[in-house]
Amino acid sequence: MNERARHWQYDELPGVDLLRARYVRKNFVRHTHENFVIAAIADGVEVFHHGGGDQYAGAGALALVNPDTPHTGRAGVPEGWRYGAVYPPVDVVAEIAAETTTLRGTPGFVSPVVDDPYAVGLVHQVLRAADEGNPLAADTLLRVAVTRLLRLNGGPMPRRQVRTAGARIAARARAVLEERMARPPSLERLAAELGTSPFALLRAFRDAYGMPPHAWLTDARVRRARRLLDLGTAPSEVAVTVGFTDQPHLNRHFSRMVGVPPGAYQSERKNVQDVR
């Protein structure tokens, strides 16, 4: 019943995050990823809130999340769930789609859960090949898995266009929060700066980005923390830079979104940077 997780990169799959984990009590708070999420469930059941409802992925199924899509994650059965996941960047998936499918526009996944034991096996083979240092197998199997899932469950991702006044205000609020991440304004002050009311801003932001401004800001801080950790910045310095009060504060939110503590995350990244 022990929880364990490894979040790493393989030098021969640049930009692709890899995860192998077993969780029982882990509860991923609402967050997003810059890359695609392709999570292959080996045992147990994962439940994740996505698109307005709970989705259930059991053994032999894959949880599929498009970039910048808010979602959560938790165990759906007492024994938790065991899975392996790959996180390919947008440009890698687009390249594969252009070569092997008829999809047009920016490709993405239509359904968040797909039952396909064969594709689950392919994802775990990618992780095994990366562990064994087999670049030819890892790259080949990743491309085969992505191709299969796009053919089974692919479609063009809708473009988010800022058309309404509320959406434009939300976009301006997001820009302010990105610029002043370490010292953000209160909701009331932010709304006043943008010429609107706090509740109007709250509604507009939630409609545009799927979460309230404070939750989005925490997600953005963790994203920026990952980039700084990748560059070798010490976790204690990262915490202050992105606006957390101290390293334990960073540790708590980082683990609830990424699945491993910042130190373990950076240790794996350092190994890849050393190889490069």
_Qualifying ring-ring contact (aromatic ring centres under 6.0 Å, His included) pairs with a residue from residues 95-120, counting only residues at least two apart or across chains_ = Phe36-Phe109

*side-chain contact (heavy atoms from CB on, under 4.5 Å) with Leu217: which residues, sequence neighbours excluded?*
Leu177, Met181, Pro184, Arg221

_For residues 229-250, which residue pairs pass the ring-ring contact (aromatic ring centres under 6.0 Å, His included) check, not counting sequence neighbours?_
Phe244-His249, Phe244-His253, His249-His253

*Under a single-linkage rule joining Ile, Leu, Val, Met, Phe, Trp and Tyr whose side-chain heavy atoms are separated by less than 4.5 Å, which residues share a cluster with Leu202?*
Phe199

*Straight-line distance of Arg226 CZ to Asp230 CG, nearest 0.5 Å*: 7.0 Å

_Any residue meeting side-chain contact (heavy atoms from CB on, under 4.5 Å) with Asp207, in chain and number order, not counting sequence neighbours_ = none

*What ring-ring contact (aromatic ring centres under 6.0 Å, His included) pairs are there with at least one residue in residues 71-104, not counting sequence neighbours?*
His7-Tyr87, Tyr23-Trp81, His31-His71, His33-His71, His33-Tyr87, Trp81-Tyr83

_Sequence neighbours excluded, every pair satisfying salt bridge (Lys or Arg N to Asp or Glu O under 4.0 Å) that has a member inside residues 43-64_ = Asp43-Arg82, Asp54-Arg74

Between side-chain atoms of residues 91-99 and protein atoms elsewhere (two or more places apart, or another chain), which donor-acceptor pairs fall under 3.5 Å?
unit_1, atom_1, unit_2, atom_2, d
Glu95, OE2, Arg143, NH1, 3.3

*In terms of ring plane angle, is the pair Tyr265 and Phe254 parallel, tilted or perpendicular, where the classes change at 30° and 60°?*
perpendicular

*Say you draw a straight line from CZ of Arg6 to CG of Leu127; how long is it, rounded to the nearest 0.5 Å?*
9.5 Å

*Residues in salt bridge (Lys or Arg N to Asp or Glu O under 4.0 Å) with Glu178, at least two apart?*
Arg174

*How would you list, by chain and number, every residue that makes a side-chain contact (heavy atoms from CB on, under 4.5 Å) with Ser197, sequence neighbours excluded?*
Ala200

_Sequence neighbours excluded - ring-ring contact (aromatic ring centres under 6.0 Å, His included) pairs with any residue from residues 176-197_ = none

*Does CD in Glu193 sit with more than 12 non-hydrogen atoms of other residues, nucleotides or ligands closer than 6.0 Å?*
yes

*Is there any salt bridge (Lys or Arg N to Asp or Glu O under 4.0 Å) pair reaching into residues 101-114, and which pairs are they, with sequence neighbours excluded?*
none

*How about Arg189: does its CZ atom have over 12 heavy atoms from other parts shown lying under 6.0 Å from it?*
no

